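For reference, the structure is listed below as structure tokens.
These numbers were taken from a predicted model, which means no experiment stands behind them.
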Amino acid sequence: MSNTNPPQTATGEPTPPAAPTPPPPRPEVPAHLRGRKRGASRWGGCLPWAAIVGVLLLAFLIWKFPSFKAQAELGSAYAARVGCSCRYVQGRSLESCQSDFEPGMELVSLSEDPATKTVTGSVPLLASRSARYAGASGCLLDPVR
């Protein structure tokens with residue numbers, strides 16, 4: 001026979017509950033670490049994913065760079081030719097000539113050299129082409145250097 005209940009004291013008085021033990025004192029946390037969870041980085045585990053995405057983006061840009069460069073050269077040559085014709089054949093201002101560009105050519109900028117009647121179209125860091133006013137022949141692109 002087994003008794004599952006503990007035996008009562010002979011006096012019938014309830015036993016006082018044991019006094020709780022105080023928790024151990026917390027260690028002092030340096031000021032620069034307060035407010036952060038231990039072991040958690042501020043990126044929350046996103047750094048490996050960001051690195052993978054960055055590497056994939058870099059690989060894509062390297063793979064597509066020849067295409068980007070060719071499009072930039074084509075766009076700068078087109079802009080130089082249209083800008084030169086607009087400026088020296090039609091006699092308009094260079095600022096109004098930029099409204100003649102096709103959509104998607106927002107990165108192409110124009111500059112002119114009035115002394116040589118040359119307009120240069122350029123895409124920053126990728127390409128630059130110039131067109132020169134040649135009188136009755138209109139505007140001609142300068143050869144690629």
Side-chain angles (χ1 to χ4, degrees), residues 1-133 139-145:
M1 170 153 130
S2 74
N3 189 356
T4 57
N5 294 330
Q8 293 290 335
T9 58
T11 60
E13 294 178 13
T15 58
T21 58
R26 299 182 84 188
E28 181 65 28
V29 178
H32 69 280
L33 294 178
R34 289 184 189 145
R36 283 196 210 171
K37 293 181 181 179
R38 289 187 181 169
S41 72
R42 86 178 163 174
W43 291 98
C46 292
L47 191 58
W49 290 107
I52 290 170
V53 169
V55 167
L56 290 176
L57 181 64
L58 182 65
F60 175 76
L61 290 176
I62 290 171
W63 177 55
K64 283 301 216 176
F65 182 74
S67 174
F68 290 148
K69 185 155 177 62
Q71 288 178 357
E73 288 182 18
L74 180 65
S76 62
Y78 172 81
R81 171 68 174 75
V82 169
C84 179
S85 296
C86 172
R87 176 74 181 105
Y88 294 110
V89 175
Q90 295 177 354
R92 294 169 41 199
S93 70
L94 201 59
E95 291 78 26
S96 71
C97 295
Q98 288 189 333
S99 65
D100 294 344
F101 290 170
E102 295 293 323
M105 293 187 58
E106 291 80 18
L107 288 177
V108 181
S109 62
L110 292 178
S111 62
E112 72 173 316
D113 181 11
T116 60
K117 293 188 176 182
T118 302
V119 173
T120 301
S122 61
V123 176
L125 304 175
L126 288 177
S128 179
R129 291 291 305 268
S130 297
R132 183 179 321 255
Y133 179 64
C139 289
L140 303 174
L141 283 173
D142 289 342
V144 179
R145 298 178 211 150

Chi angles and distances behind the salt bridge (Lys or Arg N to Asp or Glu O under 4.0 Å) call for Arg129, Glu73:
CA-CA 7 Å; Arg129 291 291 305 268; Glu73 288 182 18; 5.8 Å; no
Going through the checks in order, is the side-chain contact (heavy atoms from CB on, under 4.5 Å) test met by Ser122 and Ser109?
CA-CA 5 Å; Ser122 61; Ser109 62; 3.3 Å; yes
Apply side-chain contact (heavy atoms from CB on, under 4.5 Å) to the pair Tyr78 and Glu102, showing each step before the final yes or no.
CA-CA 10 Å; Tyr78 172 81; Glu102 295 293 323; 3.7 Å; yes
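Ring-plane geometry between Phe68 and Phe60 is classed as perpendicular, the angle between the planes exceeding 60 degrees on a 0 to 90 degree scale with a lower cut at 30.
Across all non-hydrogen atoms, the minimal contact from Asp100 to Cys86 is OD2-SG, 3.9 Å. The two residues Leu110 and Gln98 have their closest heavy-atom pair at N-NE2, 3.4 Å. Across all their heavy atoms, Val119 and Ala80 have their closest contact at O-CB, 3.7 Å. Of all heavy-atom pairs between Tyr88 and Pro114, the closest is OH-CA, 3.7 Å. Summarising the geometry of Gly121 relative to Ser76, their closest heavy-atom pair is O-CB, 3.3 Å, with the distance given to 0.1 Å.
A distance-only check finds a donor-acceptor pair linking the side chain of Lys69 to the backbone of Leu126 [under 3.5 Å]. The closest donor-acceptor contact from the side chain of Ser99 to the backbone of Ser96 lies under 3.5 Å. Remark: side-chain polar atoms of Arg81 are paired, donor with acceptor, to backbone N or O of Cys139 under 3.5 angstrom. Judged purely by atom type and a 3.5 angstrom limit, Arg87 uses its side chain to pair as donor or acceptor with the backbone of Arg92.
Judged purely by distance below 3.5 Å, without hydrogens or angles, the side chains of Thr118 and Thr116 pair a donor atom with an acceptor atom.
At most 12 heavy atoms of other shown residues, nucleotides or ligands fall within 6.0 angstrom of atom CG in Leu125.
Between Cys84 atom SG and Arg132 atom CZ the span is 9.5 Å, to the nearest 0.5 Å.
Taking 4.5 Å as the limit, every side-chain heavy atom of Glu112 sits out of range of all side-chain heavy atoms of Thr120.
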